[in-house]
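The structure appears right after this line, and notes come after that.
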Amino acid sequence: MSDRFDPAAADARWQARWAEAGSFVADAASAKPKTFVLEMFPYPSGRIHMGHVRNYTMGDVLARFRRMQGFEVLHPMGWDAFGMPAENAAIERGVHPGGWTRANIATMRAQLKRLGFALDWSRELATCEPDYYGHEQALFLDLLDAGLVYRKESEVNWDPVDATVLANEQVIDGRGWRSGALVERRKLSQWFLRITDFAEELLDGLGTLDLWPDKVRLMQENWIGKSQGMKFAFALAAPEGGIDQVDVFTTRPDTIFGASFVAVSAGHPLALAVARRDGGAQAFIDECKTGGTTAAEIETAEKRGFDTGLEVAHPLDPGRRLPVWIANFVLMEYGTGALFGVPAHDTRDFEFAHKYGLEIRRVVIPQGGDPDASVDEPETGYGVAVHSDFLDGLSSEEARDAVIRRAEDGGWGEGTTQYRLRDWGVSRQRYWGTPIPVIHCEACGPVGVPRDQLPIVLPEDVTFDVPGNPLDRHPTWRDVACPTCGGAGRRETDTLDTFVNSSWYFIRFASQPGNKPFDRAEAEQWLPVAQYIGGVEHAILHLLYARFWTRALERIGRIGITEPFKGLFTQGMVTHETYKSLDGRWLGPDEVDDASGGEMIERATGTAVARGRIEKMSKSKKNVIDPEPIVDRYGADAVRWFMLSDSPPERDLEWSEASIEGAARFVQRVWRLVREARGASGSDVTPQMQASGSDVTPRTQASGSDVTPAKNPSVDKKLARATAAIGAAIDGLAFNKAIAAVYELVGSLEKAAPSASRDEAVRVLVRLISPMAPHLAEECWAMLGNDGMVADAAWPSFDPALLVDDEVTIAIQVNGKLRDTVTVARGIDKDTIEAIALGRDKIVRQLDGATARKVIVVPDRLVNIVA
RNA sequence: GCGGGCGUGGCGGAAUGGUAGACGCGCUUGGUUUAGGUCCAAGUAUCGCAAGAUGUGGGGGUUCGAGUCCCUUCGCCCGCACCA
C-alpha cells in the first residue's frame, strides 16, 4: 500500500466500479422508502464551471447520505439544452446549434463523471431531443385543450436594423447588442399560459412549503403581488373616440378625495384614441416606446406626461374635474392601465405633479397631525382622513371600506383583488427551442397539431446567415395542410420559452415511458422532489413556473401532486478575486504573480497589477477557474471537500489556491490516519504515536506494551458526538459544519493513543466522510479489509447516552458580563450552584461587598448575578 | 423605482436570547527531514507587563443577559417577467 493516497488512480477505479455495479440506478420497484434529490440541471454552455461543481457536490453529499440511511434515492442528471447561447454560437462561429449543444453535453458529461457523483445516468435526458420536447408538445396541447393557453398581443424589444426580436439581455443601454440600433417596443401576437388563474393557489401553496427558504417564499409572494383595492370608472366629461369612461384600479380608495389627475398608460385605448387626432399625443406615445421593456428601465426613467386636454368627473365630488394625462410610468400590464394620481400620498404621483404643476391635496394625516400643513414630501403611510367630506376623521382602513361601500351602493365601482402576476408569455421568435405544436389556418385560425403527428421535429437544415428566426424562411417545414379543413396552413414558427422545458423535467426524470410524457403512478412514487438545490437566481421565475405547470397538470388530472419541490435550497455563487492591469485590461489568475509585500505583477510584463473586488466568476472579468485542471491536479475528493468546507452553502464561496491545497492535504491526512490505525491495531504502534501524548487518556497502558487497551470512553464519546453532529449537519445541508465536525474528530483521533475504541472510530470515520470524499472512503474501506463498497454501507449509528457529559462548565456572570466559570456535576440544583457561584473568589472580588439583588440560574448553563 | 439579502479576528466563517471567534486558511516560534514541500508541537480578536478593559458596520431600544429581537442609519451584493 502506497504511503500516499493517489487520487488519479482511485478516482478512476471507483467510478468504474460504481458504474459496473449500477450502484446509483434508482429502482422504482424497491421496497425501501424512496426519496428524490435533485439539483437544477445545467445549461450545456461548453464546460462545467465551479458553480456546477458546488451545486452538484452538495446534492451528491445528500444523495449519498440518504442512500446510507436506507433510502432508495433518485438522483438524476440531464441538460437544459435549448436556449440562446447555441444560436449565438451559430451566428458568431457558423456552427449548428444542435451540433454545438450536443458536443458541449458530451464534454460536460465527461467532466461531471470525473467528480464521482452518485448519479443515475440511465435516466439522462436533454430537452433539445425530440423524445423530450415531443412529450412537452403533447402537454402543451393538453393545456391548450383545457383552455389554459391563449393568444394575445404583447410587446417585445425590436431591433429595427437587424429586424429581429431581442431578449432583455441583448438590449444594452437601450440599444441592440449587435447592431447598436435604438431598440423599440413592438407588439406581436403571442401564446400565453394562464398562470394568473392560479395566482391565489400559488400564493396559498407557499404556506405549505416550510422546507423552502423564507426569502424565496417572500420573493414569490411579492411577485404574485396580491393587493386588495377597488376598481371604478371615471366618466369622461366628453366622449373621445367612442370611449366615455376610464376604468382605474387603486389600493388606496381612502385617498380618493386627494386625486388631482388621472393618468393612462401610453398603450391605453384612450391614449390611442387621442393620438388619432392629436399629433402631439402620438409623438409622446412613440417616445414612450423607445427604451427597453424591463421594469427597472421603465420605472427608473424620468417621469414624463402628456396632457390630453380631456377631463373626467370626480365620482364623489361631482363639481370637480380632473385632467387626463398620458404618463410613461403607468404600466399597461398592471391593473387597468390607468390610475388616479394622489400627489400628497404617492411618491411617483408627487414627482409627476411637481413637474407639471398639478394640485397637491393632503387627505391623510398622522394621528394628531396638522391637516393644513404644506406637503413637502409625499406621505405614503396610513393615518386619519381629512379634507375628505364624509370620510373626515376615519382611519385609512375605515375610509377605504366606506368608499368601497359607497361605490358598490352607487353601482360605479367595486372592491376587488388585484395581482401583480401577469400571464406567462411563452412565445419566442427563435429557432433553438421546442416548436409550438400549432398550425395556423386562414379559415380555422390556430389549430393544435393532432397527437399522432407528434413530435413536431425541429428541422436541422437551417442557416443563420440572415438575422431573424430561420424557421420563418425554411423552404418546406412551414407549409402544411390544416388538420381541420385540409386547406393551406402554416406552422407556428415561434418556439417555446426554455422555462417550459424546465417546468416538468423532474417529472420526466421520475418516469420516462416512450409513448407518453410520464406514467402517473410511477412518477408519484418519487415526487415531489424531496430536496431541490440550485442558484437563488431561480428563486422566482423557474420555481414559480414549475409550481404552476405542476398545478396545471394536476388540474387537468395528469398528476396527483400540487407542489413539485418539497424542500428547496438555494446555494451561493463561487467567486474569485479580479485583477486589472494599470492600463485597464482584466487579467486572469494565471496571468499574474505574487510580488513582494503583497503586491501583484503581471507575469508577461512584470508591471504592477491592481487587485479588484471579489466577484462571481465570469469570462468578462477573466476570474474563472476551470474545474477540470484542478481535478487533474488535486483529485475529485479534494475539490469536493473544498466546495463544502469554506463557506456556508447558501453564501458565496471564494475560490482560493490555499484552500484547495488545504483540502488536498486533509485527504492525505485521513489516508495516513487510516493506514496507521490499521497498523496500530496489532502491535505495530508507530514511534510518533508513542511520542505524542494524548489529551484525553491516562497513559498507563499502552507504552512499552503489546496490549492495545480495549476501550477509551473519551474516544467513544467523541465518535458518538461527531457522528451525531455530522449526520445532523448533512441533514440540514450545513456542509461546512459537517466538515468542521470531521476535522475535530480527525484531530482528536490523531492525538488519541491506540485502543479498540480508536480503531473502531477510524473504521466509522471512513463511513462518515464517504458522502463528501467517496473515492478516498472506498480506498480506506478496502484497505481496512471490508467487503463490498462503502457506497453500499449503512450510515453509522451511535449510543445517544454517549452524547451526555457527567460534568458541565457553567458560566458565572455579574450584570451580564462573564466573570468566571466553574465545572460541576450535570443536573446540580439551582440553590447549590447559586451558592457555589456566590462563593467564588473572583465573584466575591467583583461584587466588592455589594449584595446580589437577583440571581438568574439557567441549569447546566450559567448563573447571572445582578448586583 | 420596486423587491430581497448580507455586514463578526489578517481571511472564510462558528454561536436553540445564555461563556463571541468552533473549525479551516494564513501567520509566529520551536522540532522532524540531506534541503524544500510534507509532517509534528505551542501560540495567534484588540489594547495592556499584569490585573483588567474593549470588541460582532454606526446610533438608539427591549431584556437579568443581545452577534441573535425591535427601530433607525450607513455600506455592499442580488433579482425585476425574452439569460439560463
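Every heavy atom of this structure was used, including side-chain atoms; hydrogens, water molecules and symmetry mates were not. Being a predicted model, the structure only gives us computed values, none of them experimental. Note on naming: letters A, B, ... go to the chains in the order of the sequence lines (proteins, then strands), and numbering restarts at 1 for each one.
Here A/P42 lies out of heavy-atom contact (under 4.0 Å) with every strand. As judged by a 4.0 angstrom heavy-atom cut-off over every strand, A/Q190 is placed among the base-contacting residues. Within the 4.0 angstrom heavy-atom criterion, no nucleotide atom of any strand lies near A/R348. Nucleic acid contact for A/S427: base, since at least one base atom lies under 4.0 Å from a heavy atom of the residue. Residue A/Q668 is out of contact with every strand shown, counting any heavy-atom pair closer than 4.0 Å. Contact annotation for A/L421: base contact, defined as any heavy-atom pair under 4.0 Å involving a base atom. Within the 4.0 angstrom heavy-atom criterion, base atoms lie near A/F499. Nucleic acid contact class of A/H542 (heavy atoms, under 4.0 Å, all strands): none.
Across the P atoms, B/rG10 and B/rU46 are found 7 Å apart, a figure rounded to whole Å. Spacing between B/rA20 and B/rG67 at atom C1', rounded to whole Å, works out to 7 Å. Comparing the P positions of B/rG3 and B/rU73 gives an interatomic distance of 14 Å, to the nearest angstrom. To the nearest whole angstrom, the two P atoms, one in B/rG58 and one in B/rU68, are 11 Å apart. The same atom, P, is picked in B/rC11 and in B/rC47; the two are 14 Å apart, to the nearest Å. Remark: the separation of the P atoms in B/rC74 and B/rA66 is 26 Å, to the nearest Å. To the nearest whole angstrom, the two C1' atoms, one in B/rA45 and one in B/rG9, are 4 Å apart. Comparing the P positions of B/rA22 and B/rA42 gives a spacing of 15 Å, expressed to the nearest Å.
Summarising the geometry, the separation between CD on A/E221 and P on B/rC2 is reported as 18 Å, rounded to the nearest angstrom. Between the CZ atom of A/F192 and the C1' atom of B/rC82 there is a distance of 11 Å, given to the nearest Å. Residue A/R304 contributes atom CZ, which lies 17 Å from atom P of B/rG1 at whole-angstrom precision. A/L331 places its CG atom 13 Å from the P atom of B/rC2, with the value rounded to the nearest Å. One can place CD of A/E351 at 9 Å from P of B/rG1, the figure rounded to the nearest angstrom. Atoms CG (A/D820) and P (B/rG18) sit 20 Å apart, rounded to a whole Å.
Looking at A/Y132 and A/W504, their side chains do bring a donor and an acceptor atom within 3.5 Å of each other. Looking only at atom types and distance, the side chain of A/T434 has a donor-acceptor partner in the side chain of A/E136 under 3.5 Å away. Using modelled atom types, one finds no donor on one side chain facing an acceptor on the other under 3.5 Å when comparing A/W79 with A/N104.
Remark: A/K152 pairs with no residue by the salt bridge (Lys or Arg N to Asp or Glu O under 4.0 Å) rule, at least two apart or across chains. Residues that satisfy the side-chain contact (heavy atoms from CB on, under 4.5 Å) test with A/P7, not counting sequence neighbours, are A/F5, A/D11. Remark: A/R422 pairs with no residue by the salt bridge (Lys or Arg N to Asp or Glu O under 4.0 Å) rule, at least two apart or across chains. For A/E153, there are no side-chain hydrogen bond (donor to acceptor under 3.5 Å, both in side chains) partners, not counting sequence neighbours. Residues forming a side-chain contact (heavy atoms from CB on, under 4.5 Å) with A/E221 (at least two apart in sequence, or on another chain): A/L203, A/L206, A/L218. By the side-chain hydrogen bond (donor to acceptor under 3.5 Å, both in side chains) test, A/T127 pairs with no residue at all, sequence neighbours left out.
The base-pairing partner of B/rU19, taking Watson-Crick or G-U wobble contacts with both distances under 3.5 Å, does not exist among the strands shown. Pairing partner, B/rG36: none, since no Watson-Crick or wobble contact has both distances short of 3.5 Å. In this entry B/rC69 has B/rG61 as its Watson-Crick or G-U wobble partner, both defining distances falling under 3.5 Å. Within the shown strands, B/rC2 is the pairing partner of B/rG79 under the Watson-Crick or G-U definition, both distances less than 3.5 Å. B/rA53 is paired with B/rU46 under the Watson-Crick or G-U wobble criterion, all donor-acceptor distances under 3.5 Å.
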query = Should A/L202 and A/L544 be marked as a side-chain contact (heavy atoms from CB on, under 4.5 Å) after you check the CA-CA gap, both sets of side-chain angles, and the distance that decides it?
reply = CA-CA 8 Å; A/L202 286 167; A/L544 191 65; 4.2 Å; yes
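Base orientation at B/rG9 is syn, since its O4'-C1' glycosidic dihedral falls within 90° of 0.
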Just the table, please: protein N/O against nucleotides 50-57 of chain B N/O, every pair under 3.5 Å.
unit_1	atom_1	unit_2	atom_2	d
B/rA53	OP1	A/R819	NH1	3.1
B/rA53	OP2	A/R819	NH1	2.9

Enumerate all atom pairs, one protein N or O and one N or O from nucleotides 24-29 of chain B, separated by less than 3.5 Å.
none

Sort me out a list of protein N/O and nucleotides 59-61 of chain B N/O pairs below 3.5 Å, or just none if empty.
none

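Comparing B/rG18, B/rU38, B/rA84 by their nearest atom to the side chain of A/R4 picks out B/rU38. The side chain of A/L862 lies closest to B/rG18 when the candidates are B/rG18, B/rA84, B/rA14. Among B/rG13, B/rG4, B/rC40, the nucleotide with an atom closest to any side-chain atom of A/S647 is B/rG13.
Regarding contacts with the backbone of B/rA15, a side-chain N or O of A/K737 is found under 4.0 angstrom from either OP1 or OP2. The side chain of A/R428 contributes an N or O atom lying less than 4.0 Å from OP1 or OP2 of B/rC82.
When each of A/P97, A/C128, A/S502 is tested with A/F82 by the rule side-chain contact (heavy atoms from CB on, under 4.5 Å), just one qualifies, namely A/C128.
Applying the salt bridge (Lys or Arg N to Asp or Glu O under 4.0 Å) rule to pairs touching residues 41-51 of chain A yields A/R47-A/D626, A/R47-A/E628, sequence neighbours excluded.
Relative orientation of the A/W655 and A/F642 rings is perpendicular, given thresholds of 30° and 60° on the angle between their planes. A tilted orientation is assigned to the rings of A/Y505 and A/Y532, their planes being inclined by 30° to 60°.
Residues A/M50 and A/M643 have side chains in contact (heavy-atom distance under 4.5 Å, counting atoms from C-beta outward).
The 5' end of RNA chain B is approached more closely, in terms of each residue's nearest nucleotide, by A/T821 than by the other of A/T821 and A/V866. Mapping A/N736 and A/W424 onto RNA chain B by nearest heavy atom places A/N736 at the nucleotide closer to the 5' end.
Salt-bridge annotation for A/D497 and A/R428: present, with a side-chain N of the basic residue lying under 4.0 Å from a carboxylate O of the acidic one.
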ask   = Nucleotide by nucleotide, 5' to 3', does protein get under 4.0 Å of the base (B), only the sugar-phosphate (S), or neither (-) in nucleotides 65-79 of chain B, counting heavy atoms?
value = S----------SS--
For residues 730-745 of chain A, tabulate all N or O donor-acceptor pairs below 3.5 Å that involve a side-chain atom, not counting sequence neighbours.
unit_1	atom_1	unit_2	atom_2	d
A/D731	OD1	A/R66	NH1	2.7
A/D731	OD1	A/R66	NH2	3.1
A/Y743	OH	A/W641	NE1	3.2

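Taking each heavy atom of A/A126 and A/I105 in turn, the nearest pair found is CB-CD1, 4.0 Å.
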